[in-house]
Amino acid sequence: MEIIHLSAECYPVAKVGGLGDVVGALPKYQNKLGHFSKVVMPAYENRFIQENEFEIVYNGWVKLGFKTYPVRILREKNNKLGFDLFLVQITGLMDRPNVYGYEDDTERFLAYQIAVLDWIEQWEHMPDLVHCHDHHTGLVPFMMLNCVRFRKLRLIPTVITLHNAQYQGQFGWDKLHYLPEFDLWNAGMLGWKEAINPLAAAIKSAWRITTVSPSYLDEIRYNANGLEELLSQERGKSFGILNGIDNEVWNPQKDPMLHKNFNNRTVESGKKANKEALCSVFNLDPSKPLFTFIGRLVGEKGADLLPDIFYNSLQYSQGQINILVLGSGDPQVEGRLEQLKEIFTKNYNTYIGYNEALSHQIYAGADFLLMPSRVEPCGLNQMYALRYGTIPVVRRIGGLKDTVTDIGDGGFGICHDQTSVWDVGQAIGRAYDLYQDNKRMKEIRKEIMQLDHSWDRAAQEYIDLYQI
Ligand code: ADP
Ligand code: GLC
């Protein structure tokens, strides 16, 4: 099959969170299964574009209202990622360093979606399927079905994967004229609660909907930032497919970012060396258990509670644990996390910002990874932690529920029910007790490193879904 993935992120071209990891891996694994899977994404002004070789495959224009922007589509020449990668350059809109966060994000992603369809519409053959990821590509299924100028694409099946239904990309009806001409009778397909809602439009228009874990599929019926009713109506065409991880990128035996490589036989000495290196950089005590949090410092991740959770645990444990945080997001949370450094100088530290290499080093060097998420459609961190022999301490929600079993239930992780200071504090206490049992810790580390969360399974599940 020829599959086109459309996404705002794709590792290592541009990554903000797990969406980038998924789109950087899934197509590669689909190609290993004998398919032709490609990624078409915006071209941002970043290192990837400066450091790699491209050829121009398309030149055109995109019009939004009264403004017209030049478009160029570039193909990466050396198949560096294990799949064909196309970057959509839109001068005046996409030629900026960041993926998101600009006032005109609506215009940016709308222009990208129109430009992609203008290009595909000119192909001599048609792809077998267009797979859209999140709301930035959510208008594509609608436009393929309804826009006069994309008539040729009407019969191509589309899939929308919901990586996170909290973000929907809504904008006002005053921008309706940005879309290429379509029969206004169908305008209702674009809307939800008095706005144009790209995610809702995708849910209504796509041939299939997927969520990134089976549990998240259940949860969005009662927690989807206003889309619950719509998602319940469309349940019949929805499927939950658990994400995988890229075992080639996330391989502690070969990972070039680690201080020392290790496998499940050398896990004890390997983790020890990585922990010592990390502790020396962050001024922590390697003889104490090391807890970590890696991620976006936002409400969905329970980040607002972290300062209180950490304060309590560090206070009660009387210096018997270490905590290291890597993340960025809400400035208030960042500030409070930084302040704790002044109180707990010897067993607490933070790195505020984004640092890919450091994240690998922490997965390798930590003992426990905390994920007290309020919402977690899948979560990749816990799977990376498992592969690097780090025990996840997670809330039982979404993909966390589908991937981590509590030690009390014959499993290998620590699970709690609520995102609350109390629940997470209790879970840290249980983890601390487990850490005292050296034999059990060793057994669990070996066991979790061997769990198979590779994309092989999920890549095939998507292919099966496309072929139903
Ligand atoms: P989400 O996509 O909701 O942020 P995921 O668990 O799916 O959550 O994926 C997060 C990804 O982003 C992981 O690869 C994680 O290691 C990475 N990540 C998050 N924050 C940072 C950071 N500050 N520095 C480096 N990597 C980070
Ligand atoms: C989203 C979700 C996260 C998921 C990721 C990749 O960012 O918040 O849970 O793992 O997408 O699908």
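Owing to the predicted nature of the structure, the values given are computational and were not obtained by experimental measurement. First listed ligand is number 1; within each ligand, the first listed atom is number 1.
Taking atom 16 (O) of ligand 1 as the reference point, the nearest protein heavy-atom neighbour is Tyr363 OH, 2.8 Å. Scanning all protein heavy atoms for the shortest distance to atom 14 (O) of ligand 1 gives Asp21 OD2, 2.7 Å. In this structure, atom 13 (C) of ligand 1 lies nearest to the protein heavy atom Asn381 OD1, 3.3 Å.
Per-residue contacts place Gly379 under 4.0 angstrom from the following atoms of ligand 1 (heavy atoms of the residue considered): 6 (O), 7 (O). Ligand-side atoms of ligand 1 in range of Arg296: 1 (P), 3 (O), 4 (O), range being under 4.0 angstrom from any heavy atom. Using a 4.0 Å cut-off to heavy atoms of Gly327, the atoms of ligand 1 that qualify are 23 (N). The contact set between ligand 2 and Gly379, taken as ligand atoms under 4.0 Å from a residue heavy atom, comprises 3 (C), 4 (C), 9 (O), 10 (O). The ligand atoms of ligand 2 that sit less than 4.0 angstrom from a heavy atom of Asn164 are 8 (O). Short contacts between ligand 1 and Tyr384, defined as distances under 4.0 Å to a heavy atom of the residue, involve ligand atoms 13 (C), 14 (O). With ligand atoms numbered from 1 in the order given, ligand 2 contributes 6 (C), 12 (O) to contacts under 4.0 Å with heavy atoms of Val22.
By the criterion of a heavy-atom distance under 4.0 Å, neither the backbone nor the side chain of Gln382 is placed next to ligand 1. Contacts between Lys15 and ligand 1 below 4.0 angstrom, taking non-hydrogen atoms only, involve the side chain exclusively.
Scored by the side chain to side chain donor-acceptor pair (under 3.5 Å) test, Gln426 finds no partners at all (sequence neighbours excluded). For the ring pair (Phe, Tyr, Trp, His ring centres under 6.0 Å) test, no residue two or more places apart in sequence or in another chain qualifies with Tyr348.
Of the listed options Lys301, His163, Gln382, Gln166, His163 places a heavy atom closest to atom 2 (C) of ligand 2. Counting heavy atoms only, Asn243 comes closest to atom 6 (C) of ligand 2 of the residues Leu400, Asn243, Val212. Closest to atom 3 (O) of ligand 1 by heavy atom, among Met371, Met383, Lys301, is Lys301. In the candidate list Tyr354, Tyr11, Trp250, Tyr354 is nearest to atom 18 (N) of ligand 1, counting heavy atoms.
Using cut-offs of 30° and 60° on the angle between ring planes, the pair Phe344 and Tyr311 is perpendicular.
Counting all heavy atoms, side chain and backbone alike, Tyr466 lies closest to Trp207 at O-CH2, 3.4 Å.
Between the side chains of His5 and Gln30, at least one donor N or O lies within less than 3.5 Å of an accepting N or O. Between the side chains of Asp21 and Tyr384, at least one donor N or O sits under 3.5 Å from an acceptor N or O. A donor-acceptor contact closer than 3.5 angstrom is absent between the side chains of Ser232 and Arg221.
Taking the ring axis of Phe54 as reference, the NZ or CZ atom of Arg75 does not stay both within 45° of it and closer than 6.0 Å to the ring centre.
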